[in-house]
Amino acid sequence: MTTLVAVPGIMSDHRTWQGVIAAMTHQFQSVHVADTASDEALAAMAARALGATEGDLVIMAHSMGGRVAMEMGRQAPGRIRAMVLSSTAAEPAGPGESEKRYARIAEANAGMAAYARHWAPKVVSKAGAENVGLLSAIRQMVEDCPPEVHARQNLALLHRPDALAYLPQFTFPTLLITGSEDHLSTEAVHAEIARALPDAESQIVPGGGHLLTFEKPAEVAQVIDDWLMRRQLS
């Protein structure tokens with residue numbers, strides 16, 4: 001049995017991937033949405049997702065979820081048939097990041113609604129920032145995230161491992177997708193990840209921002225469908 005595991009990013013839940021999954025033509029025997037809200041470390045999030053599933057996995061992961069997916073690949077490489085990484089990165093924390101993350105935690109603790117209003121326009125394209133319905137849906141998802149979960153996720157990211165050190169050990173195929181207007185997980189960031197992987201392909205979705213799966217679900221689904229078919233992973 002092959003299970004599709006959908007891994008959301010920071011302050012996100014099943015809504016991250018629901019539009020993509022609904023638009024995909026490839027069907028899986030089961031679908032599991034990983035819990036990225038309950039643990040204080042990426043490795044623990046990965047272990048939780050592995051423990052909640054059985055058999056072979058195809059993983060689709062976004063942003064912080066991509067780092068969780070990489071940890072899943074490190075912990076159980078024999079179970080991974082394929083991995084799709086959307087709008088993510090693999091490097092360890094850099095200078096000054098601690099101060100920035102603690103500032104974000106403080107801002108969110110002061111009020112998730114205000115934090116959501118400030119954050120949502122930054123993670124979509126220029127056109128997406130003018131889409132009232134899209135911004136409203138993103139803000140609602142962020143507001144539904146308790147501040148303590150946001151804090152845990154930021155600290156998990158702050159103490160993340162250098163995934164680039166172990167990515168060369170992956171033997172399963174990996175697809176990297178980012179938006180042409182993603183200023184966080186850029187084409188160059190994905191290219192660095194692809195160079196570290198033995199079997200990787202990178203694709204760019206035109207007009208997409210960082211929250212790509214939310215903004216362009218049909219386009220992302222088509223890219224994934226085509227890749228799964230070409231790689232005979234359906």
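- Hydrophobic cluster membership of L155, counting Ile, Leu, Val, Met, Phe, Trp and Tyr whose side-chain heavy atoms lie under 4.5 Å apart directly or via other members: Y102, I105, L158.
- A donor-acceptor contact shorter than 3.5 Å is absent between the side chain of T186 and the backbone of L184.
- Between L211 and I138 the shortest side-chain heavy-atom distance falls below 4.5 Å.
- Between the side chain of E215 and the backbone N or O of S125 there is at least one donor-acceptor pair closer than 3.5 Å.
- Follow the hydrophobic side-chain contacts under 4.5 Å out from V220 and you never reach L134; the two are in separate clusters.
- Considering only heavy atoms from C-beta on, M11 comes within 4.5 Å of M112 through its side chain.
- With a 6.0 Å radius and a threshold of 12 heavy atoms from other residues, nucleotides or ligands, E148 has its CD atom above the threshold.
- Ionic pairing of R231 and D226 is not present here: no N-O contact between side-chain nitrogen and carboxylate oxygen is shorter than 4.0 angstrom.
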Self-check item: Audit row: T2, Q29, side chain to side chain donor-acceptor pair (under 3.5 Å) steps and yes/no
Solution: CA-CA 6 Å; T2 299; Q29 292 160 302; 4.6 Å; no
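- One side chain, S30 or T3, offers a donor N or O that lies under 3.5 Å from an acceptor on the other.
- Among all heavy-atom pairs drawn from A90 and D162, the shortest one is O-OD1, 3.7 Å.
- Within 6.0 Å of atom CD in Q140, more than 12 heavy atoms from other residues, nucleotides or ligands are found, so the atom counts as buried in its surroundings.
- A46 and Q75 get closest at one heavy-atom pair: CB-NE2, 3.7 Å.
- Of the possible polar contacts, none joining the S63 side chain to the G9 backbone as a donor-acceptor pair under 3.5 Å is found.
- Between R104 and E99, none of the side-chain N atoms (NZ, or NE/NH1/NH2) sits under 4.0 Å from a carboxylate O, so this pair counts as no salt bridge.
- The hydrophobic cluster containing L233 does not contain I59, counting ILVMFWY residues as joined when their side-chain heavy atoms lie under 4.5 angstrom apart, directly or transitively.
- Just one residue in the list I204, L85, V205, T88 forms a side-chain contact (heavy atoms from CB on, under 4.5 Å) with I177, and that residue is V205.
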Quiz prompt | side chain to side chain contact (heavy atoms under 4.5 Å, CB included) assessment of H118 paired with E107 | solution = CA-CA 10 Å; H118 179 69; E107 186 180 351; 3.7 Å; yes
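- Between the CD atom in E192 and the CG atom in L167 there is a gap of 9.5 Å [rounded to 0.5 Å].
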Practice problem: Starting from the C-alpha separation in whole Å, work towards a yes-or-no answer on side chain to side chain contact (heavy atoms under 4.5 Å, CB included) for V7 and M45. | Solution: CA-CA 10 Å; V7 192; M45 297 176 193; over 6 Å; no
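- Taking CD1 of I21 as the reference point, atom OG1 of T213 lies at 9.5 Å (rounded to 0.5 Å).
- Using a 4.0 Å cut-off between a side-chain N of Lys or Arg and a carboxylate O of Asp or Glu, K216 and E181 do not qualify as a salt bridge.
- In terms of modelled atom types and a separation under 3.5 Å, the side chain of R81 and the main chain of D56 share no donor-acceptor contact.
- Contact check for M141 versus S12: side-chain heavy atoms found under the 4.5 Å cut-off.
- When the ring-ring contact (aromatic ring centres under 6.0 Å, His included) test is applied to H150, the partners found at least two apart in sequence or on another chain are Y115.
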Practice problem: Apply side chain to side chain contact (heavy atoms under 4.5 Å, CB included) to E187 and S202, showing your working. | Solution: CA-CA 8 Å; E187 184 176 358; S202 293; over 6 Å; no
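- For the pair V142/W119, a side-chain contact is recorded, criterion being any heavy-atom separation below 4.5 Å from C-beta on.
- No donor-acceptor pair under 3.5 Å is formed between the side chain of Q203 and the backbone N or O of T178.
- A salt bridge links D39 with R48; the closest basic N to acidic carboxylate O contact falls under 4.0 Å.
- At least one donor-acceptor pair under 3.5 Å links the side chain of S180 to the backbone N or O of G207.
- Closest heavy-atom contact between P121 and A129: O-CB, 4.3 Å.
- A distance-only check finds a donor-acceptor pair linking the side chain of R79 to the backbone of G55 [under 3.5 Å].
- No side-chain heavy atom of L135 sits under 4.5 Å from any side-chain heavy atom of R117.
- Between the side chain of D225 and the main chain of H26, a donor-acceptor pair closer than 3.5 Å is present.
- Side chains of Q27 and L4 form no contact here, defined as non-hydrogen atoms less than 4.5 Å apart.
- Interatomic distance, CG of L212 versus OG of S87, reported as 4.5 Å (0.5 Å rounding).
- From I10, atom CD1 reaches atom OG1 of T36 across 9.0 Å, with rounding to the nearest 0.5 Å.
- Within the 4.5 Å cutoff, the side chain of F28 has no heavy atoms near those of the M1 side chain.
- Here CD of E40 is found 13.0 Å from CG of N154. Values are rounded to the nearest 0.5 Å.
- Note: the hydrophobic cluster containing V20 also contains V31 (ILVMFWY, side chain heavy atoms under 4.5 Å, direct or indirect links).
- Of the possible donor and acceptor atoms, one in the side chain of R160 sits under 3.5 Å from a partner among the backbone N and O of E91.
- Across all non-hydrogen atoms, the minimal contact from P217 to G19 is CB-C, 3.6 Å.
- Taking all atoms of both residues into account, the shortest heavy-atom contact from A43 to R74 is CB-NH2, 4.3 Å.
- Looking at heavy atoms from C-beta onward, E71 lies in side-chain contact with P161 at the 4.5 angstrom threshold.
- The two residues F214 and A137 make their nearest non-hydrogen contact at CE2-CB, 3.7 Å.
- Ring pair W17/H62 is perpendicular by interplanar angle, where above 60° counts as perpendicular and below 30° as parallel.
- Separation of atoms CE (M83) and CG (L197) is listed at 8.5 Å; rounding is to 0.5 Å.
- Judged by distance alone, the side chain of T16 and the main-chain N or O of D13 form a donor-acceptor pair under 3.5 Å.
- The pair E97-R101 counts as a salt bridge, with a side-chain nitrogen and a carboxylate oxygen less than 4.0 angstrom apart.
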